[in-house]
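First the structure, in the form of structure tokens, and then the observations on it.
Predicted model only: the values in this text are computed from it and were never measured. No hydrogens, no waters, no symmetry mates; every other heavy atom, side chains included, goes into these values. All chains are named by letter (A, B, ...) in the order of the sequence lines, taking the proteins before the strands, and each is independently numbered beginning at 1.
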Amino acid sequence: MLDMKYLRSHFAEVKERLKFRGEDMSAFEDFEELEKKRRELLGQTEELKSKRNTVSQEVARLKKEKQDADALIAEMREVGEKIKELDADLRDTEEKLEQLMLRMPNIPHESVPAGDSEEDNVEIRTWGNVPEFGFEAKPHWDLATDLDILDFERAGKVTGSRFTFYKGAGSKLERALISFMLDLHTEEHGYTEMMPPYMVNRTSMTGTGQLPKFEEDAFRIEAEDYFLIPTAEVPVTNYHRDEILNGEDLPIAYAAYSACFRSEAGSAGRDTRGLIRQHQFNKVEMVRFVKPEDSYTELEKLTGHAEKVLQLLGLPYRVLDMCSADLGFTAAKKYDIEVWLPSYNEYKEISSCSNFEGFQARRANIRFRREKNGKPEHVHTLNGSGLAIGRTVAALLENYQQEDGSILIPEVLRPYMGGKEKIEKK
RNA sequence: GGAGAGCUGUCCGAGAGGUCGAAGGAGCACGAUUGGAAAUCGUGUAGACGGUUACCGCUGUCUCAAGGGUUCGAAUCCCUUGCUCUCCGCCA
């Protein structure tokens, strides 16, 4: 959510910035009028309440002195009715204003490149060498099925499409990657490990920006009105919802493993094979709560932490600076990290590192105090995948495949794989 | 799932229709005292949203789990929801 006071005084400017990201502003045209109406109603009702308060004290005094207060009480009864009316009107106006605000996307940072589509994202660096195979390389779904380490078919029977069973060395590899990434982030990068709930309530989903606009992307538990988390970002960011943090404790950094659930509404027909687009996948997520003035250096740091995982795994990747059209609803600035995927013969997103500035902090009411008795300010929040595990498995299988269909295990993972050097057919 | 108890400020805890943003402690901050500390004493110690303002500030409204209701007036009475605790049942 944007800052209401800022919006009030810079509405024209904000409109320009949001048009820059391709947002249709017609839905927000009512903002100024609603905002003005809100303040008018607030002024009126507060004035009456003030009157009621003073007169009520007067009534108390008269009664104490055994004097007649009936006239005042009658008068206040009317005032009470009027207040009730105004309050109802005010509530209605505030509700409309809030709904509007909750659907207004974040303002892009000035460094965000202009663009109309994902074509305009800017590649800012690449790392590693794209492998060249002296044989016909296979996609990971074929490799994995041959090795009997993934079973998409039976998952289809047991649940439905876009699910999988990990099996044997495949399951162990998934587990190894989770442990490896968590250990790296906690031991080398200073994160505190966390395992969050996989279901959250509506308030949490609204806090991080998945709701109200993107409800169809999430799985919902109807009986409780809970949502399966699409990413650990949701529970972990909301961990500090409605809190005032101690400025000295910032930055606060959490690394959380969780399963993630996405309905993939609107993705029918895309990436139908393999691990790339599943309804359920594992991910290690990094979340940072920082001071506003630090958030852009923090974003570089966070992105570096995600890149480090790929470097240690020896997987070639590139980093993209997301253009104005591809920023997503909540981010002010976003880098995507894409790993090389031989089966696609291109780079494919494996991590997304974002600076939300105060956008989530305002929604979720996460603040901090610089000094003991200082005024609370909103923190800036950031998060990034470090990394999506399923896609990492896909990349490992494809990039480390051998001619005989076996998979070489990168050195850093071997301690987590019982010392095993390769995955091969039994 | 059944029965019961509770939810007040950073924490503990009073409060039972008007004088309550809320007694009293503790904690914390600052000051006095001290060679320094402990102890002691003094002072201070919410947030949101408006108005006003160059700034310090001043001022109004709201907030005692959340939302609604009764009343001239609600922390206090009523209703709904959430959460916590105890006992029973079921259970990884």
[N] to [M] separation - [atom1] atoms, rounded to the nearest Å:
N: B/A75; M: B/C7; atom1: C1'; result: 12 Å
N: B/A22; M: B/U59; atom1: P; result: 14 Å
N: B/C85; M: B/A74; atom1: P; result: 33 Å
N: B/U63; M: B/G4; atom1: P; result: 31 Å
N: B/C28; M: B/A39; atom1: P; result: 9 Å
N: B/A16; M: B/G21; atom1: P; result: 14 Å
N: B/G31; M: B/A23; atom1: C1'; result: 26 Å
N: B/G9; M: B/C20; atom1: C1'; result: 13 Å

A/R8 or A/V55: which one's nearest nucleotide on RNA chain B is closer to the 5' end? A/R8

Go nucleotide by nucleotide along RNA chain B from the 5' end; which of A/S50 and A/V59 gets its closest nucleotide reached first? A/S50

Report yes if a side-chain nitrogen or oxygen of [X] is closer than 4.0 Å to either non-bridging phosphate oxygen (OP1 or OP2) of [N]; otherwise report no.
X: A/R369; N: B/G47; answer: yes
X: A/R38; N: B/G50; answer: yes
X: A/R61; N: B/U19; answer: no
X: A/R91; N: B/G68; answer: yes
X: A/R77; N: B/C72; answer: yes

Nearest-angstrom distance from the residue atom [atom1] of [X] to [atom2] of [N]:
X: A/E47; N: B/U52; atom1: CD; atom2: P; value: 13 Å
X: A/M1; N: B/C49; atom1: CE; atom2: P; value: 10 Å
X: A/K84; N: B/A74; atom1: NZ; atom2: P; value: 11 Å
X: A/E35; N: B/C49; atom1: CD; atom2: C1'; value: 11 Å
X: A/K375; N: B/C55; atom1: NZ; atom2: P; value: 14 Å
X: A/L97; N: B/G50; atom1: CG; atom2: C1'; value: 14 Å
X: A/K36; N: B/C49; atom1: NZ; atom2: C1'; value: 19 Å
X: A/E98; N: B/A48; atom1: CD; atom2: P; value: 17 Å

Select base, sugar-phosphate, or nothing to describe what A/K51 touches, counting heavy atoms under 4.0 Å on all strands. nothing

Quick one: label A/L72 by what it contacts on the DNA or RNA (base, sugar-phosphate, nothing), any heavy atom closer than 4.0 Å. nothing

From [options], pick the nucleotide closest to the side chain of [X]?
X: A/R52; options: B/C49, B/C72, B/A48; answer: B/C72
X: A/L42; options: B/A48, B/C62, B/C49; answer: B/C49
X: A/I73; options: B/C62, B/C49, B/C72; answer: B/C72
X: A/N53; options: B/C83, B/U61, B/G18; answer: B/U61

Which base sits across from [N] as a Watson-Crick or G-U pair, both distances under 3.5 Å?
N: B/G1; value: B/C88
N: B/U70; value: none
N: B/G6; value: B/C83
N: B/C58; value: B/G51
N: B/A14; value: none
N: B/U63; value: B/A46
N: B/C20; value: none
N: B/A37; value: none

Heavy-atom side-chain contact between A/R262 and A/F281 under 4.5 Å: yes

Determine, for [X] against [Y], whether the closest basic-nitrogen to carboxylate-oxygen distance falls under 4.0 angstrom.
X: A/K333; Y: A/D321; value: yes
X: A/K348; Y: A/E338; value: no
X: A/E75; Y: A/R52; value: no
X: A/D30; Y: A/K96; value: no
X: A/R202; Y: A/E215; value: yes
X: A/D87; Y: A/K49; value: yes

Of all heavy-atom pairs between A/E174 and A/V393, which one has the smallest distance, and what is that distance? OE1-CG2, 3.3 Å

Any N/O donor-acceptor pair, A/Q57 side-chain to B/G18 base, under 3.5 Å: no

